[in-house]
Amino acid sequence: MNAQNNSLEKLYLVSFGHSDKYILRDTEVGEKSKLTRIEAELNEYLRKQFADETFAYFTSPRVDDISEEGAEKYAGYPKLDAEAVEAIKKVLAKEVKNMEFQDSLDSNAPYSNVNPAAADIPHIL
């Protein structure tokens with residue numbers, strides 16, 4: 001038990017977007033948690049790179065609670081530390097770029113800019 005805040009340390013398996021999965025140990029919940037701070041850091045990073053995009057899908061963590069009894073089976077996973085956050089930033093930036101590229105391909109597709117009023121041509125004539 002952590003004497004500082006009287007809460008138990010929790011163990012999580014965490015990923016963002018299509019990033020690798022990482023182990024995170026935390027004693028805090030809510031706004032003080034490491035996970036909340038990391039999510040905010042990722043959002044800030046992507047906002048600076050892609051001002052006109054939305055990316056909640058990418059920065060929202062996927063979190064699985066791990067019981068201490070089952071923790072040994074996750075021993076090979078890397079820790080969610082500052083180095084891991086930098087790697088996640090690269091993965092997420094690539095994913096957002098891919099999303100932008102796919103959107104541009106879709107918007108350049110034939111008939112993607114159809115005038116809705118043109119659909120009523122038979123009724124106009």
Side-chain angles (χ1 to χ4, degrees):
M1 183 176 265
N2 186 337
Q4 190 175 23
N5 61 11
N6 293 331
S7 63
L8 293 174
E9 182 176 70
K10 300 281 287 180
L11 186 61
Y12 305 101
L13 187 62
V14 181
S15 67
F16 296 86
H18 293 104
S19 76
D20 290 338
K21 292 184 178 186
Y22 298 90
I23 291 291
L24 175 67
R25 291 184 179 276
D26 202 352
T27 56
E28 298 287 349
V29 294
E31 292 181 14
K32 292 183 178 182
S33 75
K34 293 175 188 174
L35 193 55
T36 302
R37 291 191 309 258
I38 291 169
E39 184 178 2
E41 181 179 343
L42 293 173
N43 274 309
E44 182 180 330
Y45 173 79
L46 290 176
R47 243 184 248 113
K48 287 178 182 176
Q49 301 242 343
F50 309 98
D52 297 331
E53 294 295 336
T54 58
F55 29 76
Y57 167 80
F58 301 108
T59 59
S60 297
R62 284 143 195 87
V63 181
D64 294 317
D65 288 344
I66 299 172
S67 67
E68 285 298 326
E69 294 81 36
E72 68 278 348
K73 102 176 173 183
Y74 298 97
Y77 284 88
K79 292 181 180 176
L80 184 54
D81 55 14
E83 184 178 320
V85 171
E86 292 305 312
I88 292 168
K89 286 177 183 178
K90 291 176 184 175
V91 168
L92 297 184
K94 186 175 186 178
E95 288 183 29
V96 174
K97 285 178 187 174
N98 288 343
M99 179 186 68
E100 285 182 333
F101 181 69
Q102 186 62 50
D103 287 347
S104 74
L105 286 176
D106 291 345
S107 67
N108 291 329
Y111 311 110
S112 66
N113 237 347
V114 174
N115 181 351
D120 287 337
I121 289 178
H123 299 289
I124 295 172
L125 300 176

### Criterion side chain to side chain contact (heavy atoms under 4.5 Å, CB included) on F16 and I38, from CA distance to verdict
CA-CA 10 Å; F16 296 86; I38 291 169; 3.9 Å; yes

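- For N98, the side-chain contact (heavy atoms from CB on, under 4.5 Å) criterion is met by K94, not counting sequence neighbours.
- Note on residues 17-40: no pairs pass ring pair (Phe, Tyr, Trp, His ring centres under 6.0 Å), not counting sequence neighbours.
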### Message
side chain to side chain contact (heavy atoms under 4.5 Å, CB included), that's the test. Do T27 and E9 meet it? Break it down for me.
### Response
CA-CA 4 Å; T27 56; E9 182 176 70; 3.9 Å; yes

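- Atom CG of residue D64 and atom OH of residue Y12 lie 11.5 Å apart, to the nearest 0.5 angstrom.
- Rounded to the nearest 0.5 Å, atoms NZ (K90) and CD (E86) are 7.5 Å apart.
- Shortest non-hydrogen contact noted between P78 and K21 is CD-O, 3.6 Å.
- For the pair E68 and R25, the salt-bridge criterion is met [side-chain N within less than 4.0 Å of a carboxylate O].
- Note that the CD atom of E41 and the NZ atom of K34 stand 13.5 Å from one another [nearest 0.5 Å].
- Annotation: side-chain contact (heavy atoms from CB on, under 4.5 Å) contacts of Y45 (sequence neighbours excluded): Q49, K89, A93.
- Here the shortest heavy-atom pairing between I66 and A71 reads CG2-CA, 4.0 Å.
- Interatomic distance, L80 CG to L13 CG, rounded to the nearest 0.5 Å: 10.0 Å.
- Under the 4.5 Å side-chain heavy-atom criterion for Ile, Leu, Val, Met, Phe, Trp and Tyr, L92 and V85 are members of the same hydrophobic cluster.
- Within a 6.0 Å radius of CD in E83, other residues, nucleotides and ligands contribute 12 heavy atoms or fewer.
- In this structure Y77 satisfies the ring-ring contact (aromatic ring centres under 6.0 Å, His included) test together with Y74, sequence neighbours excluded.
- To the nearest 0.5 angstrom, I23 atom CD1 is 12.0 Å from D81 atom CG.
- Considering OG of S60 and CG of L42, their distance stands at 10.0 Å, rounded to 0.5 Å.
- Heavy atoms only, all atoms of each residue included: F50 and F55 are closest at O-CE2, 3.6 Å.
- Taking the side-chain contact (heavy atoms from CB on, under 4.5 Å) definition, one finds that E44 meets it with K48, sequence neighbours left out.
- A search for ring-ring contact (aromatic ring centres under 6.0 Å, His included) contacts involving Y57 returns nothing, not counting sequence neighbours.
- The only option from L24, T36, L35 that meets the side-chain contact (heavy atoms from CB on, under 4.5 Å) definition with P61 turns out to be L35.
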